[in-house]
Amino acid sequence: MQFVAKRCGVKFSPPSVVLIYESKDTKTIRKRIIPVRNFSKCSDCCTAANRMKYHVRHREYLEGVTLAQLERLHIVLQDHMQGRSLEHTLASLRLDPEEDLNKLDDEDLARKKAQMDELFECNRRQKDDPGFVYDLEVEFKAEGREPCSWDEETSDDGF
Amino acid sequence: MAGDASGIPDLDQEKYDADEQVKIICLGDSAVGKSKLMERFLIDGYRPQQLSTYALTLYKYTTTIDSKAVLVDFWDTAGQERFQSMHPSYYHKAHACIMVFDVQRKITYKNLTNWYLELREYRPEIPCVVVANKIDADMKVTQRNFNFAKKQGLPLYFVSAADGTNVVKMFKETIKMAVSYKQNSSDFMDEVMRELENFELEPKKDLLETTEEELKAES
């Protein structure tokens with residue numbers, strides 16, 4: 001790898017992805033600004049990220065940047081175009097176990113689900129996997145179970 | 001079964017009165033994994049019917065219990081849970097309920113109380129199971145007591161829709177409970193509903209006549 005990506009971020013105006021990288025040959029830290037073209041409020045962020053990552057002029061620099069990260073950067077740019085606050089966008093891209101997901105709109109809920117899906121896919125056992133058992137039963141003994149801290153608050157909520 | 005997927009889904013719930021039909025509903029907060037559990041159980045045989053007008057997804061399943069074919073309709077919420085409450089027709093004629101929470105999110109556990117209250121408002125007697133999903137994310141939770149289930153006297157299952165742990169077991173046992181409930185149903189509300197349905201036509205007419213007579217008398 002000739003270029004080692006160090007950090008990356010966005011610039012709202014004009015919409016661009018900013019990459020800080022180290023050039024192996026010269027041992028220097030450099031900045032590259034990649035303009036985000038043909039990208040609007042309605043564009044698909046995943047497609048746009050894909051286009052950027054494999055663009056002839058940028059792909060060598062973006063080798064160390066995952067597609068998922070580029071997609072998130074595009075989401076940040078797009079949310080800004082739609083007038084959403086940066087705070088809102090960043091919150092929507094982060095899982096907070098305390099957050100009540102019932103209160104989110106479709107788009108924000110989909111983002112949370114996408115993040116949860118990463119773990120789901122990682123732990124997933126599928127039909128075609130070797131050793132797959134459809135009816136997988138595991139017994140968890142009830143004896144010796146510890147009380148759950150979630151039950152502790154003894155308010156009058158019925159728990 | 002081909003007709004089921006392509007035909008216009010009838011929301012005629014009378015069919016759940018037939019012996020071989022049971023209706024099982026899923027409850028729980030957004031993103032606890034209700035649909036993922038359904039999909040894991042039905043694996044490749046699933047053809048969900050999206051009834052977006054009703055914010056509802058139906059999954060059909062056929063099985064055999066005591067050498068009798070049983071048709072199971074699973075009702076899944078499709079976003080309706082966002083309103084923290086389901087339409088009464090969701091509960092109507094249900095024979096069992098699967099209540100799901102996410103072991104990584106306390107709020108989904110706390111909200112079981114609300115879901116359970118609403119369930120019991122409409123279906124005071126049907127069997128209900130509590131499902132602790134996503135145990136693959138943290139196996140330690142299986143060593144903890146979740147008091148809600150115990151307090152309400154409900155079975156608790158530790159499951160993972162991702163790796164499949166106990167998913168099939170939970171569904172199969174719930175179906176059995178639904179069928180057995182249906183066979184032995186002495187649900188008070190069911191009986192009241194039956195009575196009311198038989199009643200409906202005539203009393204209405206009587207009421208109308210009385211009112212007319214009263215009106216005449218008054219004038």
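Convention: sequence-line order gives letters A, B, ...; per-chain numbering from 1. Just so we're clear, the structure is a prediction, and the values are computed from it rather than from any experiment.
Residue pairs meeting the ring pair (Phe, Tyr, Trp, His ring centres under 6.0 Å) criterion with at least one member in residues 81-109 of chain A: none, sequence neighbours excluded.
Crowding of B/Lys176 atom NZ: a count of heavy atoms from other residues, nucleotides or ligands under 6.0 Å not exceeding 12. The environment of CD in A/Glu146 is sparse: at most 12 heavy-atom neighbours from other residues, nucleotides or ligands sit within 6.0 Å. Around atom CZ of B/Phe83, no more than 12 heavy atoms belonging to other residues, nucleotides or ligands sit under 6.0 Å away.
The shortest non-hydrogen separation linking A/Leu119 to B/Ala137 is CD2-CB, 3.5 Å.
Contacts with chain A (heavy atom to heavy atom, under 4.5 Å) involve these residues of residues 97-105 of chain B, listed by number: B/Phe101, B/Asp102, B/Val103, B/Gln104, B/Arg105. Within residues 24-32 of chain B, the residues having any heavy atom less than 4.5 Å from a heavy atom of chain A are, in residue-number order, B/Asp29, B/Ser30, B/Ala31. Against chain B, the residues from residues 98-112 of chain A that qualify, each with a non-hydrogen atom under 4.5 angstrom away, are A/Glu98, A/Glu99, A/Asp100, A/Leu101, A/Asn102, A/Lys103, A/Leu104, A/Asp105, A/Asp106, A/Leu109 in number order.
Chain B forms more heavy-atom pairs under 4.5 Å with one residue of A/Glu121, A/Lys113, A/Met116 than with any other, namely A/Met116.
Checked by atom type and distance alone, the side chain of B/Arg40 pairs as donor or acceptor with a backbone atom of A/Tyr134 at under 3.5 Å. A donor-acceptor pair is defined here as one N or O able to donate and one able to accept, closer than 3.5 Å; such a pair exists between the side chain of A/Asp151 and the backbone of B/Asn147. The main-chain N or O of A/Val138 is found under 3.5 Å from a side-chain atom of B/Asn166 such that the two form a donor-acceptor pair. Of the possible polar contacts, none joining the B/Lys134 side chain to the A/Phe120 backbone as a donor-acceptor pair under 3.5 Å is found.
At a 4.5 Å heavy-atom cutoff, B/Phe171 makes no contact with chain A through either its backbone or its side chain. For B/Ile135, the part lying near chain A is the side chain, with the backbone staying farther off; criterion is any non-hydrogen pair under 4.5 Å. In this structure, the portion of A/Phe132 lying under 4.5 Å from any heavy atom of chain B is its side chain and not its backbone. There is no contact between B/Lys150 and chain A, counting heavy-atom distances below 4.5 Å.
Note on A/Asp117 versus B/Lys36: salt bridge recorded, some NZ/NE/NH1/NH2 to OD/OE distance being below 4.0 Å.
Atom CH2 of A/Trp150 is separated from atom CD1 of B/Ile107 by 11.0 Å, given to the nearest 0.5 angstrom. Put simply, CD1 on B/Ile43 and CD on A/Gln126 are 8.5 Å apart, with the number rounded to the nearest 0.5 Å. Between the CG atom of B/Leu156 and the CZ atom of A/Arg145 there is a distance of 6.0 Å, given to the nearest 0.5 Å.
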